[in-house]
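Have a look at the structure below before the remarks.
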Protein chains: 2
Amino acid sequence: MNSGDEAGSGPAISGKRTTIYDIAQTVGTSASAVSAVLNGTWRKRRISQKLADRISAVAVEKGYSINLQASVLRRERSNIIGMIVPKYDNRYFGAIAEQFEEGARKAGYFPVITCTQRDPNLELEAARMLLSYQVECLIVTGATDPDRISDLCHAAGVKVVNLDLPGSKAHSVISDNHQGALELTRVLLSVRSAQTGRDECLYFVGGRTNDHNTSERVRGFLQAHSERGMTVPAANVLACGYAAQKAYDSLSALGHVPKGIFVNSTISLEGAVRWLTDLPAQDRQDILYCCFDWDPFAALMPNCVGMAQQDVPALLERVFAWVATGKTSTTVELVPCRLRLQQP
Amino acid sequence: MNSGDEAGSGPAISGKRTTIYDIAQTVGTSASAVSAVLNGTWRKRRISQKLADRISAVAVEKGYSINLQASVLRRERSNIIGMIVPKYDNRYFGAIAEQFEEGARKAGYFPVITCTQRDPNLELEAARMLLSYQVECLIVTGATDPDRISDLCHAAGVKVVNLDLPGSKAHSVISDNHQGALELTRVLLSVRSAQTGRDECLYFVGGRTNDHNTSERVRGFLQAHSERGMTVPAANVLACGYAAQKAYDSLSALGHVPKGIFVNSTISLEGAVRWLTDLPAQDRQDILYCCFDWDPFAALMPNCVGMAQQDVPALLERVFAWVATGKTSTTVELVPCRLRLQQP
DNA sequence: CTCTGTTGCTGCATCGATTGAGCAAGCATG
DNA sequence: CATGCTTGCTCAATCGATGCAGCAACAGAG
């Protein structure tokens, strides 16, 4: 049962990790030589091939792994890049997290992501933690209060970039929510009017109006209507928050069945689709919706006209490009969304 | 534009972080006192309230944040717990990542998650990295080769737990794939036979047969058939890998339209559903499927009979309970799945 | 006035890796 | 044989936080 081998010069005895000093001792050399060999600077430091080989062999044999806490402490750079995301469990943030890691590794960083559940206190706490781990740069995604985090980072002399939601105290890379919403609304309006033969105002469901992204999307939504000479009644905009249940409740509370719905996020869409499937079949037939954000299953639902997919690769490409420049100005970069329409 | 204030005793000048020595100097005390005050051990170390207050005030004023690299180096414990996940961008792993972080924080750990794209080399590399950051414990989720990672961890004296996929060299917490697949298949078989009046073998799509989870699910799938006296032809099991496109291709390649499909994961389901929506409407009508793993949108698709949802909270609860015991034996814990059936 | 005990602090070694400075040995050149 | 150069290594300080050992000052007991 117990596989720990106590004897011999094998791998570290439980609890004690091998250090460069251990290796130096068994090889009969100095810790500096071991360090130089193991971090690749040995040629420059004129260590002989022979010694290098002996050291490498012993390191492998002992299962050595560097203590990066010690290494980072000594060097000026930590090579750690941090990210704060509100949630992992939807496709948008899942993709952001995944591609952030990929990009970070490609740029030579070690990525550390922390999920903050849209809780402002947890956001601050997480940012502080990441700073304590000496991140060189922090990417703040969808934070409720990005500016306070920017302040923290500035105090520590750490680069910050806002992603997805803009802030006023750091560079921001965000989707062009207005453009995406405008185009998406145009599509839904024209499909519906082709179907019914007349123009009818759509409903907007989900999000919060004081949130930048939602207000930009509402602006696009309204503009698409006014392009057709329509004025949307205020009651058609149900900015009820992001939770799925809220969307379900506010659609149910309407008292009638809206025929065209702009859903503000896949999270709200979960509620909207649930509401839809709970309707009697004949009501369900001619309801159409579109949704800001993309999900592969939601995109294939029969009532879905199209989705606006935020261009995650482009967003992250912009973020890493910004990080590489080392600039510190406070600007906002807009990245266009991709429209993904249902094949008829 | 430039908000950096160079003068005064304010927050750190860009590039230089405040340390306990800086604070000690401005307060006119020793670094030990500052350390004791800032890490909460000052009462025990008999620092006066007055000095403690002065130190705290200066620390806040200077925007001090502890250097955890230095702290961890000195102490015996790092408080870091690591996790390796193959992907973030589906609901199952998204939920695992999110709840892992929550559980880790509750247990007093700092969670670090790394995503390895189902790439065995990246898995090893990531494990090595996490060990270098002195993780106290590593949770290995869905790794292609968990045992090699276990070896690495044992060599470093670090606890390991396998999650989702079992390994032979560490404790494993996994879903009861056989039970879940058995029950799910029973449901689909009975719904289909109620519909058509006769028993018909289902198709199994997705996964790899040499993968533990897939083979257990196939076993459940076959057993549900044999309970009804049916023998499934080998050709009905399309273990074509996990990628969505593979599922699409192997369903298209069949040459006929199977009427009942057991889909092995939501990733494969993306392909299956795409295949479904590409079919002519009359073919699509009476196809039913079920799927192992849960997705809120997929669950609401009209042809979906039910999904097996892995009990993520229970899985992680078991993982953390195991970590807390500190035991090292090699056992497998099975956690039952929840069946989520389509409301008729 | 000495002895013991308490309060409130400081000094210093330590964790493991890194790196500039430096040293001994070997060799070639004048 | 003195000088300079190269090769191949070692020494020791350093990064920032921690915590043990210890010390000065003072109070109270005898």
> In whole angstrom, what separates A:I55's CD1 from D:dT10's C1'?
Replying inline: 12 Å
>> Counting only side-chain nitrogens and oxygens, does A:Y133 get under 4.0 Å of the OP1 or OP2 atom of D:dG16?
In response: no
>> In whole Å, I'd like the distance from the CG atom of A:N67 to the C1' atom of D:dG16.
In response: 14 Å
>> Considering every strand and a 4.0 Å limit on heavy-atom distances, what is the contact class for B:S48: base, sugar-phosphate, or nothing?
In response: sugar-phosphate
> What does A:L51 touch in the nucleic acid at a heavy-atom separation under 4.0 angstrom: a base, only the sugar-phosphate, or nothing?
Replying inline: sugar-phosphate
> Taking atom types as modelled, is there a side-chain donor on B:E125 or B:N121 under 3.5 Å from an acceptor on the other?
Replying inline: no
>> Using whole Å, what does the distance between atom C1' of nucleotide C:dT19 and atom CD of A:E76 come to?
In response: 11 Å
> Quick one, which residues of residues 35-47 of chain B touch DNA chain D with a heavy atom under 4.0 Å?
Replying inline: B:S35, B:N39, B:R45
>> Please give me the minimum heavy-atom distance between A:S78 and A:V72, naming the atom from each residue.
In response: CB-CG1, 3.6 Å
>> Between P on D:dA17 and OH on B:Y21, what's the gap in Å once rounded to a whole number?
In response: 7 Å
> In this structure, which one of A:I81, A:V312, A:V319, A:T141 forms a side-chain contact (heavy atoms from CB on, under 4.5 Å) with A:F100?
Replying inline: A:I81
> Mapping B:A70 and B:Q49 to their closest nucleotides on DNA chain C, which lands nearer the 5' end?
Replying inline: B:Q49
> Got a second to check how far A:L130's CG is from B:L68's CG, nearest 0.5 Å?
Replying inline: 10.0 Å
> How long is the span from the CZ atom in A:R43 to the CD atom in A:Q49, to the nearest 0.5 Å?
Replying inline: 5.0 Å
Could you pull out every donor-acceptor pair under 3.5 Å between side chains of residues 104-116 of chain B and any protein atom, sequence neighbours left out?
from: B:R105; atom 1: NH2; to: A:C115; atom 2: O; distance (Å): 2.9
from: B:R105; atom 1: NH2; to: B:E101; atom 2: OE1; distance (Å): 2.9
from: B:T116; atom 1: OG1; to: B:V85; atom 2: O; distance (Å): 3.3

Give me the distances for all protein-to-nucleotides 3-5 of chain C N/O pairs that come in under 3.5 Å?
none

> For the pair made of CZ in B:R75 and P in D:dG19, what is the distance, rounded to whole Å?
Replying inline: 8 Å
> Can you list every pair that meets salt bridge (Lys or Arg N to Asp or Glu O under 4.0 Å) and has a residue in residues 151-167 of chain B, with sequence neighbours left out?
Replying inline: B:D151-B:K169
> Rounded to the Å, how far apart are A:I66 CD1 and C:dA17 P?
Replying inline: 6 Å
> Taking atom P of D:dG16 as reference, at what distance in whole Å does atom NZ of B:K62 sit?
Replying inline: 14 Å
> Which distance, rounded to the nearest 0.5 Å, do you find between the CG of B:N162 and the CG of B:L138?
Replying inline: 9.0 Å
> Is there a side chain to side chain donor-acceptor pair (under 3.5 Å) between A:E123 and A:T144 once you walk through the steps?
Replying inline: CA-CA 8 Å; A:E123 282 169 11; A:T144 49; 2.9 Å; yes
>> Which residues pass the salt bridge (Lys or Arg N to Asp or Glu O under 4.0 Å) test with A:R318, not counting sequence neighbours?
In response: A:E333
> Starting at CG of A:L73 and ending at P of D:dC15, how long is that distance when rounded to a whole Å?
Replying inline: 9 Å
>> Using a 4.0 Å cut-off on heavy atoms, which residues in residues 22-31 of chain A reach DNA chain D? List them by number, or say none.
In response: A:T29, A:S30
>> Could you check whether A:Y88 and B:Y88 have their ring centres less than 6.0 Å apart?
In response: yes
>> Classify A:L68 by what it touches in the nucleic acid, base, sugar-phosphate, or nothing, heavy-atom distance under 4.0 Å.
In response: nothing
> Looking at C:dT10, C:dA17, D:dG16, which one has an atom nearest to any side-chain atom of B:S32?
Replying inline: C:dT10
> In Å and rounded to the nearest 0.5 Å, what is the CZ to CD1 distance from B:R17 to B:I66?
Replying inline: 12.5 Å
> Which part of the nucleic acid does B:S71 contact within heavy-atom distance under 4.0 Å: base, sugar-phosphate only, or nothing?
Replying inline: sugar-phosphate
